[in-house]
Amino acid sequence: MPELPEVETTARGIIPVVRNQIVEAVTIRQHRLRWDVPSSLKSLIQNRQVFEVARRAKYLLLIFEHGALLIHLGMSGRLKILDCGVKPERHDHVDLVFSSGKMLRFNDPRRFGSIRWLDGNPLDSAELSHLGPEPFDEKFTGKMLFEVSRGRSITIKSFIMDGRVVAGIGNIYANEALFRSGIFPGRQAGRIALRRYRLLVPNIQAVLTEAIEAGGTTLRDYMAATGQPGYFEQSLQVYNREGQSCIRCDGIIRKQIISQRATYYCGDCQRY
DNA sequence: CTTTACGCCTGACGGC
DNA sequence: TGCCGTCAGGCGTAAA
């Protein structure tokens with residue numbers, strides 16, 4: 001499900017309910033997520049205060065004084081804000097109940113998501129320290145992408161979806177940013193010129209910003225923690241538009257599998 | 001080192 | 001109506 005804009009929307013949605021709140025209770029109905037939910041979770045966070053909510057790549061962080069809860073939504077995960085006492089539904093795996101009477105509930109049908117505990121400063125953890133810059137970080141520039149890509153034969157689409165290069169770009173927004181930049185997704189990253197990377201970076205930032213402002217993209221089951229769907233689907237220019245006409249030229253949107261992932265592009269304005 | 005293929009899971013959908 | 005194959009927004013790991 002969620003890429004950076006959806007995780008960011010979720011983070012913003014839970015801040016009013018979670019920040020500065022004390023964890024009163026923890027319920028784990030299903031331990032088996034992508035990684036096992038630690039059985040020590042309750043003793044780690046009960047009666048402790050969340051003092052900040054953050055996002056890094058597609059991870060959500062509930063930051064405590066002594067460590068952080070690292071939440072990943074995988075493909076189908078979501079968080080729900082509810083009043084405590086609401087009966088659980090199918091795939092409601094973990095509840096965090098706060099002393100305010102509100103509850104954060106993790107639901108994930110496919111269980112590709114995860115909830116892990118990180119001791120100490122989360123940014124120093126093995127889980128996060130290998131990540132590249134955030135797309136809005138000043139270190140993320142066309143020049144940087146150009147330099148890091150020299151000698152790489154990987155496709156440009158896989159390259160920008162690699163979290164070690166830049167954090168948080170998933171399949172939908174990789175497709176959209178490459179379309180906006182007129183770059184063929186299957187082109188080798190090492191064979192793209194500096195001026196084209198200088199075009200790509202602001203286009204990545206623009207599509208992510210617009211998607212965040214629209215509350216994300218709801219294709220199947222994505223919902224913000226507040227229960228609101230995202231409205232960016234209607235702004236998608238290539239994703240899921242196979243066979244339809246290009247919004248910019250007379251071309252037709254094609255679909256091709258690149259690096260095992262559905263890839264959409266205009267056959268006319270993304271030639272190389 | 002880089003690149004690719006493959007699971008981990010459930011549910012929705014289309015074809016027969 | 002039901003069965004079966006395919007596909008889905010992520011990502012770590014193993015293998016090449």
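Order of the sequence lines sets the chain letters (A, B, ...), proteins ahead of strands, with each chain counted from 1.
- Residue order along DNA chain B, read from the 5' end via each residue's closest nucleotide, puts A:R34 first among A:R90 and A:R34.
- Checking side-chain atoms of A:D95 against main-chain N and O of A:V26 turns up no donor-acceptor pair under 3.5 Å.
- Note: NE2 (A:H72) to C1' (C:dG12) measures 11 Å, nearest angstrom.
- Partner of A:Y197 under the side chain to side chain contact (heavy atoms under 4.5 Å, CB included) criterion, chosen from A:I156, A:I183, A:T141, A:I160: A:I156.
- Judged by distance alone, with hydrogens and angles left aside, the side-chain atoms of A:R187 form no donor-acceptor pair with the main-chain N or O of A:T155 at under 3.5 Å.
- Remark: A:R116 pairs with A:E127 by the salt bridge (charged side-chain N to carboxylate O under 4.0 Å, His left out) rule, at least two apart or across chains.
- Counting only distance, with no hydrogens or angles, the side chain of A:Q188 and the backbone of A:I154 share no donor-acceptor pair below 3.5 Å.
- At C:dG9, none of the side-chain N or O atoms of A:Y173 fall inside 4.0 Å of OP1 or OP2 (strictly under the cut-off).
- Look at CG on A:L33: it is 15 Å from P on C:dG12, rounded to the nearest Å.
- Put simply, A:K58 has a side-chain N or O that comes within less than 4.0 Å of OP1 or OP2 on C:dC11.
- In this structure, CH2 of A:W35 is placed 9 Å from P of C:dC11, rounded to the nearest angstrom.
- Using bins of under 30°, 30° to 60° and over 60° for the plane-to-plane angle, the ring pair A:F232/A:Y173 lands in the tilted bin.
- A donor atom on one side chain and an acceptor atom on the other are not found under 3.5 Å apart for A:K157 and A:S259.
- On the P atoms, C:dC3 is 24 Å away from B:dC9, given to the nearest whole Å.
- For the pair A:E176 and A:R241, the salt-bridge criterion is not met [side-chain N within less than 4.0 Å of a carboxylate O].
- DNA chain B contains the following stems of three or more consecutive Watson-Crick or G-U pairs, with both distances under 3.5 Å: B:2-8 with C:10-16, B:10-16 with C:2-8.
- In 5' to 3' order, the nucleotides of DNA chain B bounding all contacts with chain A (an atom under 4.0 Å from a heavy atom) are B:dT2 to B:dG11.
- Listed by residue number, the members of residues 107-132 of chain A with any heavy atom below 4.0 angstrom from DNA chain B are A:P109, A:R110, A:R111, A:F112.
- For the pair A:E24 (side chain) and A:V97 (backbone), a donor-acceptor distance under 3.5 Å is absent.
- Under a 3.5 Å cut-off, the side chain of A:S149 and the backbone N or O of A:F146 do form a donor-acceptor pair.
- Among the atoms of the strands shown, only primed sugar atoms or phosphate atoms (P, OP1, OP2) are found under 4.0 Å from some heavy atom of A:Y59.
- Rounding to the nearest 0.5 Å places CZ of A:F64 at 6.0 Å from CG of A:L62.
- In this structure, CG of A:L73 is placed 14 Å from C1' of C:dC11, rounded to the nearest angstrom.
- Linking ILVMFWY residues whenever their side-chain heavy atoms come closer than 4.5 Å, directly or via other members, leaves A:F179 and A:L199 in distinct clusters.
- For A:Y265 and A:F184, the distance between ring centers is under 6.0 angstrom.
- In this structure, A:Q205 contributes its side chain and A:P135 its backbone to a donor-acceptor pair below 3.5 Å.
- If you check every strand for non-hydrogen atoms under 4.0 Å, A:R164 touches nothing.
- With hydrogens and angles ignored, the 3.5 Å screen pairs no side-chain donor or acceptor of A:D36 with any backbone N or O of A:R32.
- Separation of atoms CG (A:N240) and CD1 (A:I253) is listed at 12.0 Å; rounding is to 0.5 Å.
- At a threshold of 4.0 Å, the pair A:K58-A:E3 does not count as salt-bridged, since none of the basic side-chain nitrogens sits closer than that to a carboxylate oxygen.
- Between the CG atom of A:L4 and the C1' atom of C:dG9 there is a distance of 13 Å, given to the nearest Å.
- Rounded to whole Å, the distance from CD1 on A:I172 to C1' on C:dG10 is 12 Å.
- Shown for residues 144-157 of chain A: residues whose heavy atoms fall under 4.0 angstrom of DNA chain B, namely A:R152, A:S153, A:I154.
- The stretch residues 254-262 of chain A comes close to DNA chain C through A:K255, A:R261, A:A262, each having a heavy atom under 4.0 Å from the strand.
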